[in-house]
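Here's the structure, in structure tokens; my notes come after.
Numbering of residues begins at 1 and proceeds along the displayed sequence.
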Amino acid sequence: SLKVPKKDRLLLLFAALSMTMYQWTLFKGLAVGYAGVGGVIVTTVCPIMTNIFENIREKTIAQPKELIGLALGCIGTAILLQVWSLNIELLFSSGNIYFLVGGALWAGVNVVAHKCKLDAIAFTFYIFLPGIVLGGFLSRHTDLWVPLTLGRSFWLPLLYIVSFGTVIATSWNFKGISLLGAKKGSSFTLLIPSLALILGWVILKEPLNPFVVVGGGITLAGVYILNR
């Protein structure tokens with residue numbers, strides 16, 4: 001059902017505004033920062049900030065297993081990306097601040113998703129709706145017919161991203177958070193960099209180096225500890 005309980009309306013409005021701001025910061029970061037580093041920053045910052053926000057909301061302090069699990073997740077991600085070989089200027093370039101803010105905004109949405117008693121699909125619909133409306137408004141002076149002239153190389157990836165990467169993945173994410181809680185549910189985002197590299201090896205035949213195996217294993221251990 002798309003009906004929103006009265007007590008959840010303000011929470012849903014906050015989540016929708018946060019998601020809209022997240023989308024803006026993400027695309028802004030992609031324009032001035034680095035996509036690969038950005039993907040790691042967002043997926044690492046999100047569970048960390050989710051834990052911080054939840055501890056503040058619940059007026060509790062982080063448990064040792066939470067600190068250990070998050071630390072292992074960060075270490076594993078750093079290993080699989082071989083951060084020691086990256087350019088330091090790349091890691092700390094000004095554009096990456098947008099990814100840091102984006103990770104914190106997504107964490108806020110996770111907290112609301114756990115607290116808001118709304119169906120996951122309805123929740124996903126409402127938090128993306130303002131972005132769709134705003135995007136349509138900002139695009140009013142552009143030629144909206146151009147995409148219709150593009151072939152399958154444009155539409156097939158777009159349909160995949162919209163259906164699997166956005167609707168299904170996001171709905172499952174919020175469903176998992178409603179069942180497991182914001183802290184445990186958000187911890188699985190730490191696995192995204194590892195899974196991306198593994199899928200690249202399986203589907204695109206990209207080389208799989210030992211750092212992916214070691215880093216992925218450490219990250220998996222961190223997620224396991226967080227969900228014990």
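Taking all atoms of both residues into account, the shortest heavy-atom contact from Gly108 to Phe14 is O-CE2, 4.2 Å. Closest of all the heavy-atom pairs between Gly73 and Thr219 is O-OG1, 3.8 Å. Taking all atoms of both residues into account, the shortest heavy-atom contact from Thr20 to Pro130 is OG1-CB, 3.5 Å. In plain terms, the two heavy atoms of Leu72 and Gly222 that are nearest each other are CB-CA, 3.8 Å. When all heavy atoms are compared, the tightest approach of Leu67 to Ala62 is CD2-CB, 3.8 Å. Pairing each heavy atom of Val111 with each of Ala182, the nearest pair is CA-CB, 4.2 Å.
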query = After noting the C-alpha distance and the side-chain angles of Leu190 and Thr43, does the key distance pass the side-chain contact (heavy atoms from CB on, under 4.5 Å) rule?
reply = CA-CA 6 Å; Leu190 290 167; Thr43 55; over 6 Å; no
task = Could you please spell out the steps behind the side-chain contact (heavy atoms from CB on, under 4.5 Å) verdict for Ile79 and Ile218?
result = CA-CA 9 Å; Ile79 290 174; Ile218 294 175; 3.6 Å; yes
message = Between Lys115 and Leu11, does the side-chain contact (heavy atoms from CB on, under 4.5 Å) criterion hold? Intermediate values first, please.
response = CA-CA 8 Å; Lys115 190 172 178 59; Leu11 287 173; 4.0 Å; yes
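Atoms OG1 and CD1, from Thr189 and Ile48 in turn, are 9.5 Å apart once rounded to the nearest 0.5 Å. Summarising the geometry, atom CG belonging to Leu180 is positioned 11.0 Å from atom NZ belonging to Lys175; distances are rounded to the nearest 0.5 Å. Separating the OG1 atom in Thr77 from the CD1 atom in Ile192 is a distance of 10.0 Å, to the nearest 0.5 Å. Taking CZ from Phe211 and OG from Ser194, the interatomic distance works out to 14.0 Å, rounded to the nearest 0.5 Å. Here the SG-CG distance, from Cys46 to Leu100, works out to 12.5 Å after rounding to the nearest 0.5 Å. Of the inter-residue distances, the one linking Met19 atom CE with Thr124 atom OG1 reads 8.0 Å to the nearest 0.5 angstrom.
Judged as a salt bridge (charged side-chain N to carboxylate O under 4.0 Å, His left out), the pairs with a partner in residues 60-79 (not counting sequence neighbours) are, in order, Glu66-Lys183. Pairs passing the salt bridge (charged side-chain N to carboxylate O under 4.0 Å, His left out) check and including a residue from residues 153-172, sequence neighbours excluded, do not occur.
The closest donor-acceptor contact from the side chain of Thr166 to the backbone of Ile161 lies under 3.5 Å. Judged by distance alone, with hydrogens and angles left aside, the side-chain atoms of Thr25 form a donor-acceptor pair with the main-chain N or O of Tyr22 at under 3.5 Å. A distance-only check finds no donor-acceptor pair linking the side chain of Ser171 to the backbone of Ile168 [under 3.5 Å].
Under the 4.5 Å side-chain criterion, counting only non-hydrogen atoms from C-beta, Phe188 is in contact with Leu191. In this structure, the side chains of Arg57 and His114 come closer than 4.5 Å at one or more pairs of heavy atoms.
In terms of hydrophobic clustering, with Ile, Leu, Val, Met, Phe, Trp and Tyr side chains grouped at heavy-atom distances under 4.5 Å, Phe128 and Leu13 are assigned to different clusters. A continuous path of hydrophobic side-chain contacts links Trp24 to Ile127 [ILVMFWY only; heavy atoms under 4.5 Å]. Hydrophobic clustering (ILVMFWY, side-chain heavy atoms < 4.5 Å, transitive): Val112 and Ile121 are in distinct clusters. Hydrophobic clustering, with ILVMFWY side chains joined whenever heavy atoms are under 4.5 angstrom apart, groups Leu220 together with Leu226. Grouping the Ile, Leu, Val, Met, Phe, Trp and Tyr side chains by contacts below 4.5 angstrom, directly or via other members, places Val162 with Trp155.
With a 6.0 Å radius and a threshold of 12 heavy atoms from other residues, nucleotides or ligands, Leu158 has its CG atom above the threshold. Surrounding CG of Leu17 are more than 12 heavy atoms belonging to other residues, nucleotides or ligands, all under 6.0 Å away. Heavy-atom neighbours of Leu156 CG from other residues, nucleotides or ligands within 6.0 Å: above the threshold of 12. Heavy atoms from other residues, nucleotides or ligands lying under 6.0 Å from CZ of Phe154 number more than 12. Applying the 6.0 Å contact sphere to NZ of Lys7 captures more than 12 heavy atoms from other residues, nucleotides or ligands.
Listed by chain and number, the residues in a side-chain contact (heavy atoms from CB on, under 4.5 Å) with Met49 are Val45, Ile52, Phe53, Ala104, Ala107 (sequence neighbours excluded). Taking Asn173 as the reference, Trp106, Asn110, Ile177 meet the side-chain contact (heavy atoms from CB on, under 4.5 Å) condition, with sequence neighbours excluded. Scored by the side-chain contact (heavy atoms from CB on, under 4.5 Å) test, Val4 finds Asp8, Arg9, Leu12, Leu118, Tyr126 as partners (sequence neighbours excluded). Residues meeting the side-chain hydrogen bond (donor to acceptor under 3.5 Å, both in side chains) test with Ser187, sequence neighbours left out: Asn227.
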